[in-house]
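First the structure, in the form of structure tokens, and then the observations on it.
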Amino acid sequence: MQNFEKYQRGYFLPPVPSNDWVKKDYIEKPPIWCSVDLRDGNQALIEPMSLDEKIEFYKMLLEVGFKEIEVGFPAASDTEYIFLRTLIEKNMIPEDVTIQVLTQAREHIIRKTFEAIKGAPNVVVHLYNSTSVAQREQVFRKSKEEIKKIAVDGAKLLEDLAKEVEGNITFEYSPESFHGTEVDYALDVCNAVLDVWQPRPERKIIVNIPATVETAMPHVFASQIEYISKNIKYRDNVILSIHPHNDRGCGVADTELGILAGADRVEGTLFGNGERTGNVDLVTVAMNMYSYGVNPGLDFSNMTSIAARYERLTRMKVHERQPYAGELVFSAFSGSHQDAIAKGMAYREEQDRKYWTVPYLPIDPQDVGRTYDSDVIRINSQSGKGGVNYILKQNYGISLPEKMREEMGYTAKRVSDQAHRELTPEWIYHIFYDNYVGVQEHFKITECHFVQENGIGAKATVEKDGRTAVINGQGNGRLDAVSNAIRSYLDLDYELVDYEQHSLTKGSSSKAVSYVSVSRDGKTFWGVGIDEDIIKSSYKALEVAVNKVME
């Protein structure tokens, strides 16, 4: 690409390298989660949510388990203000939940914010101002000291106004556009604000580091956060928070490395909704922890419902490949993947495994409300024999013989390829039935009896070309006796090759399924019989196979 020379790294390294976070290999406990869907996410919508929609979304966040929820920027619009007042006046804030409101470090906005929070039992007032070089030079045209004074003056006003309001108020400060700010200067501003608020054990303060525009690689962000964590004043009484955005597509990585580097708290949104490329996706971060055996403290066990409500209320789309939540994230179309999953599931059942180790599935789909039957193995022209057999077994209790699976797999793939469509389980069953059970009849066995003398004797009544005949045959077993009678009556040269049977594992457990293959001129023909009588199911399967020979 041309014009790359006009770009440069838009971030600052810490004055002193700080990389102890690299010694940690996973997040051992969840951070404090704060949803900003109702402010940051709502602000990013083409059509912001109505009051009723915001209330419904708020209730969903409570169901998921969020204890801190940023509900808006009450000085920004009447809808924001009314929403906050509705939550307070209708007592919709549980005792263990803290709402959060955002305000710029501007006097009239701060005062309006404090008017809005009157009566709230627990509230975080989140103060911010931009500290980046670009904002200082281009937008505000102010010096470092002048920008710091804006933050300090805002902090003093919060301190004064909080004394006039009842309720439990927590202060939060963010140096907006942190990535574009010199790290030591951002730290200096944060410390100046903390000197005003004087954090103490009974009154902890939140310092939030926002990657407002993500310009640094995740490992750089981690080093920045660790530097802040190690050098910020009053550290024992400071809750270090991060607010990653996703401009480089690294929001989740920033968050995970930021937690390793010392962050205690994370602000983000469901499915990453937010300005431009979005905020960090809290669903993915939480589920990543879950996949490592750590309880994230958020409940996404009904992921499909959460995603559907999110789409309806925000008019946004959860992408089919969105981690953990997308329609296709647990679906395998590849034949080799399907085969490995099917074998892994069988191995898990056989071995009674404690830990989840199924190939290609990082978590058990059932843990987020998905099903094996319709979500995991899906069939199209790229699928294989293992997947088709898995669908038939899971949905209809039909377990094809190993030697039959490849033929049925290719049969299903051929239909999908010609139709240019995915095959539903119902469609797959109809393909199976049409090709192996309900085959066009050239002859039909209507009745069969057996006697045991000189082996097994079979006496069968058959119909062919509108005529009925009684035929006899001897063999070393019932099926062999029937086969010999048919071969003689039809004057048809074929060989009985394979026979397998099992009880249906779904639906009517009293029914049996029999599989029979015969060969002629080097070609194999399979037939399937399904009946409550296992003997009848076996000769029905033979009947189908021989009818296919006669086609």
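Because the structure is a prediction, the values reported are computed rather than measured.
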* To do: Decide if atom CD of Gln351 counts as having more than 12 heavy atoms of other residues, nucleotides or ligands within a radius under 6.0 Å.
  => yes

* Qualifying side chain to side chain donor-acceptor pair (under 3.5 Å) pairs with a residue from residues 536-551, counting only residues at least two apart or across chains -> Ser514-Ser537

* To do: For Asp96, enumerate each residue passing the salt bridge (charged side-chain N to carboxylate O under 4.0 Å, His left out) test, keeping only those at least two apart in sequence or located in another chain.
  => Lys67

* Verify side-chain contact (heavy atoms from CB on, under 4.5 Å) between Val388 and Leu423, making sure each step is shown before the conclusion. => CA-CA 10 Å; Val388 172; Leu423 302 180; over 6 Å; no

* Asked: For Ile431, does its backbone N or O pair with a side-chain atom of Asn435 as donor and acceptor, under 3.5 Å?
  -> yes

* Shortest non-hydrogen contact from Gln501 to Ile534? -> OE1-CD1, 2.9 Å

* **Tyr499, OH atom: more than 12 neighbouring heavy atoms under 6.0 Å** => yes

* Structure fact -> Here the gap from Thr277 atom OG1 to His245 atom NE2, rounded to the nearest 0.5 Å, amounts to 8.5 Å

* Structure fact -> Interatomic distance, CD1@Ile391 vs CD@Glu426, rounded to 0.5 Å, equals 9.5 Å

* To do: Could you check if a side-chain atom of Leu361 sits within less than 4.5 angstrom of a side-chain atom of Ile341, using non-hydrogen atoms only?
  => yes

* **Heavy-atom neighbours of Lys403 NZ exceed 12 at 6.0 Å** => no

* Structure fact -> salt bridge (Lys or Arg N to Asp or Glu O under 4.0 Å) pairs touching residues 270-279, sequence neighbours excluded, are Asp247-Arg276

* Structure fact -> Residue set satisfying side-chain contact (heavy atoms from CB on, under 4.5 Å) with Thr79, at least two apart, ordered chain then number -> Ser77

* Is a side-chain N or O of Asp40 found less than 3.5 angstrom from the main chain of Gly274, in a donor-acceptor match? -> no

* **Residue pairs fulfilling ring pair (Phe, Tyr, Trp, His ring centres under 6.0 Å) with at least one residue in residues 264-297, sequence neighbours excluded** => Phe271-Tyr310

* Asked: Is the closest side-chain heavy-atom distance between Leu400 and Val528 below 4.5 Å?
  -> no

* Side-chain contact test, heavy atoms from C-beta onward, threshold under 4.5 Å: evaluate it for Met316 versus Leu45 and give yes or no. => yes

* When His243 is tested against each of Asp254, Asn279, Thr255 for side chain to side chain donor-acceptor pair (under 3.5 Å), which residue passes? -> Asn279

* Is it true that the NZ or CZ of Arg370 lies under 6.0 Å from the centre of Phe330's six-membered ring and within 45 degrees of the ring axis? -> no

* State whether Glu402 and Arg405 are salt-bridged, where the test is any N-O pair (Lys NZ or Arg NE/NH1/NH2 against Asp/Glu carboxylate O) under 4.0 Å. => yes

Just distance, no hydrogens or angles: give the donor-acceptor pairs under 3.5 Å from side chains in residues 457-475, sequence neighbours left out.
| from | atom 1 | to | atom 2 | distance (Å) |
| --- | --- | --- | --- | --- |
| Gln474 | NE2 | Glu453 | O | 3.2 |
| Gln474 | NE2 | Asn454 | O | 3.4 |

* Is there a donor-acceptor contact under 3.5 Å from the side chain of Ser488 to the main chain of Asn484? -> no

* Asked: Salt bridge check: are Arg39 and Glu80 linked by an N-O gap of less than 4.0 Å?
  -> no

* Structure fact -> Closest heavy-atom pair, Ala541 versus Gly529, reported as atoms and distance to 0.1 Å, is CB-N, 3.3 Å

* Do any pairs count as a salt bridge (Lys or Arg N to Asp or Glu O under 4.0 Å) and have a residue in residues 278-304, sequence neighbours left out, and if so which ones? -> none

* To do: Determine, step by step, whether Leu492 and Val546 satisfy the side-chain contact (heavy atoms from CB on, under 4.5 Å) criterion, reporting the C-alpha distance in whole Å, the side-chain angles of both residues, the deciding distance to 0.1 Å, and the verdict.
  => CA-CA 9 Å; Leu492 187 65; Val546 175; 3.7 Å; yes

* **salt bridge (charged side-chain N to carboxylate O under 4.0 Å, His left out) between Glu63 and Arg309, worked out** => CA-CA 12 Å; Glu63 291 172 15; Arg309 281 185 284 175; 3.1 Å; yes

* Any side-chain heavy-atom pair from Arg414 and Thr411 closer than 4.5 angstrom? -> yes

* Asked: Does a donor on one side chain and an acceptor on the other come within less than 3.5 Å for Glu447 and His449?
  -> yes

* Can you list the residues that meet the side-chain contact (heavy atoms from CB on, under 4.5 Å) rule with Glu256, with sequence neighbours excluded? -> Ile27, Val252, Asn288

* Chi angles and distances behind the side-chain contact (heavy atoms from CB on, under 4.5 Å) call for Phe221, Cys250 -> CA-CA 10 Å; Phe221 185 62; Cys250 299; over 6 Å; no

* Any chance you could measure Phe450, atom CZ, to Ile456, atom CD1, to the nearest 0.5 Å? => 8.5 Å

* To do: Tell me, with the steps shown, if Ile398 and Tyr433 meet side-chain contact (heavy atoms from CB on, under 4.5 Å).
  => CA-CA 11 Å; Ile398 295 168; Tyr433 188 90; over 6 Å; no

* Indicate yes or no: at least one non-hydrogen side-chain atom of Tyr396 is less than 4.5 angstrom from one of Ile428. => no

* Would you give the length of the straight line joining atom NZ of Lys54 to atom CG of Asn42, rounded to the nearest 0.5 angstrom? => 4.5 Å

* Asked: Any side-chain heavy-atom pair from Asp498 and Met404 closer than 4.5 angstrom?
  -> no

* Asked: Residues in side-chain hydrogen bond (donor to acceptor under 3.5 Å, both in side chains) with Asp52, at least two apart?
  -> none

* Exam field: side chain Trp33 to backbone Pro296, donor-acceptor pair closer than 3.5 Å -> yes

* Asked: Between CG of Asn295 and NZ of Lys29, what distance do you get to the nearest 0.5 Å?
  -> 13.5 Å

* Asked: Can any side-chain N or O of Tyr515 pair as donor or acceptor with the backbone N or O of Ser399 at less than 3.5 Å?
  -> yes

* Asked: Angle class for the His337/Tyr360 ring planes (parallel below 30°, perpendicular above 60°, tilted otherwise)?
  -> parallel

* Asked: Closest approach of Gly251 and Glu214, non-hydrogen atoms and distance?
  -> N-OE2, 3.6 Å

* With a 4.5 Å heavy-atom cut-off, do Trp21 and Leu257 have their side chains touching? -> yes

* Structure fact -> Residue pairs passing the salt bridge (Lys or Arg N to Asp or Glu O under 4.0 Å) test with at least one member in residues 341-351, sequence neighbours excluded, are Asp339-Lys343

* Asked: Quick one: does Arg421's side chain get under 4.5 Å of Trp427's, heavy atoms only?
  -> yes

* To do: For Arg520 and Tyr494, indicate whether the former's side chain and the latter's backbone hold a donor-acceptor pair under 3.5 Å.
  => no

* Donor-acceptor contact below 3.5 Å, side chain Asn122 vs main chain Glu95 -> yes

* Quick one: does Asn246's side chain have a donor or acceptor within less than 3.5 Å of a partner on Gly278's backbone? -> no

* Any residue meeting side-chain contact (heavy atoms from CB on, under 4.5 Å) with Thr212, in chain and number order, not counting sequence neighbours -> Glu176, Ser177, Pro210

* salt bridge (Lys or Arg N to Asp or Glu O under 4.0 Å): which pairs involve residues 313-335, sequence neighbours left out? -> Glu47-Arg315, Glu53-Arg315, Glu311-Lys317, Glu327-Arg378

* Say you draw a straight line from OG of Ser50 to CG of Leu313; how long is it, rounded to the nearest 0.5 Å? -> 8.5 Å

